[in-house]
Amino acid sequence: MFKYLFLAFTVVPFIELYLLLALGREVGFWPTVGMVLVTGLVGSLLARKEGVRVFRQWQESIAQGRMPEEGLLGGLLVLVGGVLLVAPGVLTDIVGLMLLFPPTRKVVAALVRRRLERRMAAGTLRVTTFRTGPFPGGPFGPPARDEPVGSRPSLRRIDGEPGDEPGTGLPGKDGPGRG
């Protein structure tokens, strides 16, 4: 994981900087700035349009009782493509456009899906969850070290009106203020 983060935050920005400087030398400063701004704007619009299209297809598929053609992976790739297009750079724009166009997105989704399936079959897929924040462990706090997660109490619904609970000493339905 570290090598991917290192690549994303150090190597890719240097490549992007080199490409932007080379482009600036060839076409000039202001055309390069304009290209960066236009691709950011077009990227955000394309990402929104594709995201809405994927979401509508999901809604239609679920309303018809069938599985959506484009799974969660397709929606995630649209999101990643939009973020890459908004980020300034040439390389990120190319990859972002590839992820926003449905034919190339399906190819990338198939590759990612195949890799995930192989790692699941081999038992090397690692999923990390975070139990931090204002409510760690849910509404009942974190489980004890020896307590299985499924043994926690669950919320139950009580039908009736306030004051109808036994042992509260409050009047029932025929008490004062109830008619």
Side-chain angles (χ1 to χ4, degrees), residues 1-64 66-138 142-143 149:
M1 183 65 160
F2 174 75
K3 62 182 173 184
Y4 297 118
L5 290 174
F6 179 77
L7 182 72
F9 290 110
T10 56
V11 176
V12 171
F14 277 119
I15 294 171
E16 293 288 6
L17 183 61
Y18 173 78
L19 290 173
L20 285 172
L21 289 173
L23 187 65
R25 266 193 315 268
E26 293 298 318
V27 298
F29 176 76
W30 289 113
T32 304
V33 170
M35 184 202 73
V36 168
L37 294 175
V38 167
T39 57
L41 180 65
V42 169
S44 64
L45 294 174
L46 269 174
R48 182 175 180 205
K49 180 183 174 201
E50 270 302 297
V52 167
R53 188 187 66 75
V54 168
F55 184 69
R56 283 201 180 125
Q57 281 183 344
W58 262 67
Q59 283 181 324
E60 290 170 4
S61 297
I62 291 173
Q64 294 171 0
R66 57 186 171 85
M67 284 296 293
E69 291 175 19
E70 224 171 338
L72 280 176
L73 193 54
L76 181 66
L77 290 176
V78 167
L79 176 67
V80 170
V83 168
L84 289 175
L85 273 172
V86 171
V90 178
L91 188 63
T92 54
D93 288 346
I94 293 169
V95 175
L97 282 172
M98 286 176 55
L99 292 178
L100 285 183
F101 290 123
T104 54
R105 184 174 59 242
K106 286 181 183 180
V107 171
V108 172
L111 291 172
V112 171
R113 187 177 301 115
R114 199 172 312 128
R115 183 170 179 187
L116 286 174
E117 287 171 352
R118 258 191 263 126
R119 290 185 69 188
M120 284 174 61
T124 59
L125 182 68
R126 206 169 138 198
V127 178
T128 304
T129 60
F130 300 98
R131 291 185 177 227
T132 60
F135 307 108
V149 175

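Atoms considered below: every heavy atom in the structure, side chains included; atoms not considered: hydrogens, waters and symmetry mates.
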Point to revise | Side-chain heavy-atom pair Val52, Arg56 within 4.5 angstrom cut-off | key: yes

Check your understanding: Going from CZ on Arg25 to CG on Leu23, what distance comes out if it is rounded to the nearest 0.5 angstrom?
Key -> 10.0 Å

Practice item. Walk me through it: do Val78 and Leu100 pass the test side-chain contact (heavy atoms from CB on, under 4.5 Å)? Key: CA-CA 5 Å; Val78 167; Leu100 285 183; 3.9 Å; yes

Review point. With no hydrogens and no angle check, is any side-chain donor or acceptor of Glu16 less than 3.5 Å from a backbone partner on Leu91?
Key: yes

Exercise for review: Kindly compute the distance separating CZ (Arg113) from CE (Met120), expressed to the nearest 0.5 Å.
Suggested key: 12.0 Å

Review point. Do you know the tightest heavy-atom contact between Pro13 and Ala8?
Key: CD-O, 3.4 Å

Exercise for review: Supply the atom-to-atom distance Leu41 CG to Leu37 CG, rounded to the nearest 0.5 angstrom.
Suggested key: 9.0 Å

Exercise for review: Measure the spacing between OG1 of Thr10 and CG of Leu5 and express it to the nearest 0.5 Å.
Suggested key: 9.5 Å

Check your understanding: Does the pair Leu85 and Leu99 meet the rule for a side-chain contact (heavy atoms from CB on, under 4.5 Å), with working shown?
Key -> CA-CA 10 Å; Leu85 273 172; Leu99 292 178; over 6 Å; no

Check your understanding: Do Glu50 and Arg53 meet the salt-bridge criterion of a basic N to acidic O distance under 4.0 Å?
Key -> yes

Practice item. Return the set of residues passing side chain to side chain contact (heavy atoms under 4.5 Å, CB included) with Leu20 (not counting sequence neighbours), or none when no residue passes. Key: Thr32, Met35, Val36, Val90

**Study point:** From CE (Met98) to CG (Leu77), nearest 0.5 Å
**Key:** 11.0 Å

Revision key, fill the gap. Of all heavy-atom pairs linking Ala47 and Gly82, the shortest is CB-CA, 3.5 Å

Exercise for review: Would you indicate whether Glu26, at its atom CD, is surrounded by more than 12 heavy atoms from other residues, nucleotides or ligands within a distance under 6.0 Å?
Suggested key: no

Review point. What distance separates Asp93 CG from Leu19 CG, expressed to the nearest 0.5 Å?
Key: 10.5 Å

**Study point:** Min side-chain heavy-atom separation Val112-Val108 under 4.5 Å
**Key:** yes

